[in-house]
Amino acid sequence: MSEIVAVAWQRYLQQLQAHPLRTKAITSGVLAGCSDAIAQYISGIKKLQLRRLLLIALYGFLHSGPFGHFFHKLMEKIFEGKKGKGTVAKKVLLEQLTASPWNNILFMAYYGLVVEGRSFSLVRRKIRNDYPSVQLTAWKFWPVVGWINYQYMPLQLRVLFQSFVASCWAVFLNLKAAAKRE
């Protein structure tokens, strides 16, 4: 079994090297879809909502993977040749002040407008009401992830790491919501 995993990992790394953007987009889409399937199960949905799952996977494929790919390349250009904990701290701070708010607002809008099919005015009101607490919660968790990502992950694996943690984060949030209902 470990040989199968090792071969699969090597092939994944080859694809990442040959087609980085495509590989990161597919990876983010698959992880987002898997995360939503688990979230639906945890929340007690009896029949898998395939449309919802595919729309969440599409978001990962069209936004999360490509955005992460280009964002991390940009961060490397901005901080080119700079190393050390101070540089990592600056990268985390810059990410949390730019990418984090953008990604949270965009996802909330996408989820409300596309996944749930709500009106723009309703989604705008929900974002106005919920965004501050969403962003504050994100700032309690994601800086640690960012630190690990910039300190220990090679550039080509940062989107994979972030997508994996985002999937786990979504499952955690659904567990928390399910516990609140009980």
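Worth knowing before you read on, the calculation uses all heavy atoms, side chains too, and leaves out hydrogens, waters and symmetry mates.
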Original post:
Going by atom types only, do Ser163 and Thr27 share a side-chain donor-acceptor pair under 3.5 Å?
Top reply: no
**OP:** Using the side chain to side chain contact (heavy atoms under 4.5 Å, CB included) rule, take His19 and Thr23 through it: C-alpha gap first, then chi angles, then the decisive distance, then the call.
**Re:** CA-CA 6 Å; His19 310 284; Thr23 305; 4.1 Å; yes
Subject >> Single-linkage hydrophobic cluster, 4.5 Å side-chain cutoff, Leu136 and Leu93 together >> reply: no
Original post:
Who are the side chain to side chain contact (heavy atoms under 4.5 Å, CB included) partners of Ile78, not counting sequence neighbours?
Top reply: Leu74, Leu94
Subject >> Residue pair Lys24 / Gln156: nearest heavy atoms and the distance that separates them >> reply: CE-O, 3.8 Å
Original post:
In terms of hydrophobic clusters joined by side-chain contacts under 4.5 Å, are Val123 and Ile105 together?
Top reply: yes
Subject >> Contacts of type ring-ring contact (aromatic ring centres under 6.0 Å, His included), residue Tyr41, not counting sequence neighbours >> reply: none
Original post:
Are Val7 and Tyr12 joined in one hydrophobic group, where the rule is that I, L, V, M, F, W and Y side chains link up if heavy atoms are under 4.5 Å apart?
Top reply: no
Subject >> Which residues share a side chain to side chain contact (heavy atoms under 4.5 Å, CB included) with Ala138, sequence neighbours left out >> reply: Ser100, Asn104, Gln135, Trp142
Subject >> Closest non-hydrogen atom pair between Phe161 and Ile148, with its separation >> reply: CZ-CG2, 3.6 Å
Original post:
Side chain of Ser28, backbone of Ala25: donor and acceptor closer than 3.5 Å?
Top reply: no
Original post:
How does the hydrophobic cluster around Val5 look, that is, which other residues are in it when side-chain heavy atoms under 4.5 Å mark a link?
Top reply: none
Subject >> Arg22 vs Gln15, side chain to side chain contact (heavy atoms under 4.5 Å, CB included): CA-CA, chis, key distance, verdict >> reply: CA-CA 9 Å; Arg22 179 178 72 190; Gln15 286 300 306; 3.2 Å; yes
**OP:** Enter the distance from Gln40:CD to Lys47:NZ here, rounded to the nearest 0.5 Å.
**Re:** 11.0 Å
Subject >> Criterion side chain to side chain donor-acceptor pair (under 3.5 Å) against Tyr150, the qualifying member of Lys85, Glu95, Lys90 >> reply: Glu95
Original post:
Would you call Arg158 and Glu76 a salt bridge, taking side-chain N to carboxylate O under 4.0 Å as the test?
Top reply: yes
**OP:** Quick one: list whatever passes ring-ring contact (aromatic ring centres under 6.0 Å, His included) with Phe107, sequence neighbours left out.
**Re:** Tyr59, Tyr111
Original post:
Do Arg51 side-chain atoms and Val115 backbone N/O form a donor-acceptor pair below 3.5 Å?
Top reply: yes
**OP:** Determine the minimum heavy-atom distance between Leu53 and Ala37, stating which atoms define it.
**Re:** CD1-CB, 3.5 Å
Original post:
Among all residues two or more places apart in sequence or in another chain, which pass the ring-ring contact (aromatic ring centres under 6.0 Å, His included) test with Phe141?
Top reply: Trp169
Original post:
In Å and rounded to the nearest 0.5 Å, what is the CG to CG distance from Leu160 to Asn149?
Top reply: 9.5 Å
**OP:** Could you tell me whether the side chain of Trp147 and the main chain of Val92 form a donor-acceptor pair under 3.5 Å?
**Re:** no
**OP:** Of all the heavy-atom pairs spanning Ser167 and Ser35, show the shortest one and how long it is.
**Re:** O-OG, 3.3 Å
Original post:
What distance separates Leu48 CG from Asp36 CG, expressed to the nearest 0.5 Å?
Top reply: 7.5 Å
Original post:
Under 3.5 Å, is there a donor-acceptor pair between the side chain of Ser133 and the main chain of Asp130?
Top reply: yes
**OP:** To the nearest 0.5 angstrom, please state how far the NZ atom of Lys77 sits from the CZ atom of Phe70.
**Re:** 12.0 Å
